[in-house]
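A short write-up of the structure that comes next.
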Amino acid sequence: MITARTAPRDDDAPPEAVLDAAQHALRAEHAAVYGYGVVGGRIGEDRRKEAREGHDAHRARRDTLHRTVRDLGGEPEASAAAYALPFPVPDAAAAARLAAELEERVAAVYADLVRAAEGGLRRDAAGALREAAVRAVRWRGGSVAFPGLTERSAPAEPTDGPPGGGASEL
């Protein structure tokens with residue numbers, strides 16, 4: 001569970017850097033919850049339990065980060081009404097790719113939170129990074145050397161959001 005029981009590191013990160021990293025993690029969790037809704041609607045029955053567990057894990061992390069941001073003196077950002085997917089998700093194979101992408105993106109923001117925080121918050125963020133990396137490996141079927149720190153040469157082109165617009169990017 002991510003909590004803000006300890007102060008930010010005096011030598012490395014000012015309090016606003018910790019709050020900013022926590023807000024980024026919260027935004028990523030909002031997007032992951034939304035994305036897992038899409039995954040759950042397209043994934044095959046054989047992986048539906050895995051999708052539900054991922055969705056539940058991200059909802060719990062999102063709720064905890066909401067409290068963490070408040071504890072750090074910030075106003076937690078609300079979820080967007082919808083998110084633009086990084087690619088079309090017409091079938092179970094694409095749903096599994098989306099789940100892996102969601103986990104990789106979540107791992108990346110938790111790597112930033114690990115870097116900015118200390119103590120209990122840092123430990124909890126490292127645990128969240130590890131959990132996201134493990135889920136990414138399961139969805140992708142392979143691992144990367146440094147989860148959360150993978151370089152992206154060019155971001156995937158997002159699809160159009162839902163009718164009426166208003167979609168944030170995943």
Closest heavy-atom pair and its distance - Ala17, Ala116
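Here Ala17 and Ala116 meet closest at O-CB, 4.0 Å.
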
Contacts of Arg52 that satisfy salt bridge (Lys or Arg N to Asp or Glu O under 4.0 Å) - sequence neighbours left out:
none

With sequence neighbours excluded, what pairs up with Arg59 under the salt bridge (Lys or Arg N to Asp or Glu O under 4.0 Å) test?
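Here the qualifying residues are Asp56.
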
Transitively linked via ILVMFWY side-chain contacts under 4.5 Å: Val33 with Leu26?
no

Report yes if the side chains of Trp139 and Val39 come closer than 4.5 Å at any heavy-atom pair, otherwise no.
yes

May I ask you to test the Glu29-Ser79 pair for a side-chain heavy-atom distance under 4.5 Å?
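They are not in side-chain contact.
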
For a side-chain contact (heavy atoms from CB on, under 4.5 Å) check, start with the C-alpha distance between Arg140 and Glu104, then their side-chain angles and the critical distance, and finish with the verdict.
CA-CA 10 Å; Arg140 189 181 333 98; Glu104 289 169 0; 2.7 Å; yes

SB check Lys49 Glu53 (cutoff 4.0 Å):
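Looking at Glu53 together with Lys49, the answer is yes, because their closest N to O distance falls below 4.0 Å.
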
Can you run down the salt bridge (charged side-chain N to carboxylate O under 4.0 Å, His left out) pairs that involve residues 72-89, sequence neighbours left out, and say none if there aren't any?
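Of all non-adjacent pairs touching residues 72-89, those that pass salt bridge (charged side-chain N to carboxylate O under 4.0 Å, His left out) are Arg27-Glu77, Arg70-Glu75.
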
Pairs flagged by side-chain hydrogen bond (donor to acceptor under 3.5 Å, both in side chains) wherever residues 37-46 is involved - sequence neighbours left out:
Glu45-Arg48

Pairs flagged by ring pair (Phe, Tyr, Trp, His ring centres under 6.0 Å) wherever residues 40-64 is involved - sequence neighbours left out
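Residue pairs with at least one partner in residues 40-64: Tyr36-His58.
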
Only counting residues at least two apart or in another chain, list the ones meeting side chain to side chain donor-acceptor pair (under 3.5 Å) with Glu50.
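Applying side chain to side chain donor-acceptor pair (under 3.5 Å) to Glu50 gives Arg47.
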
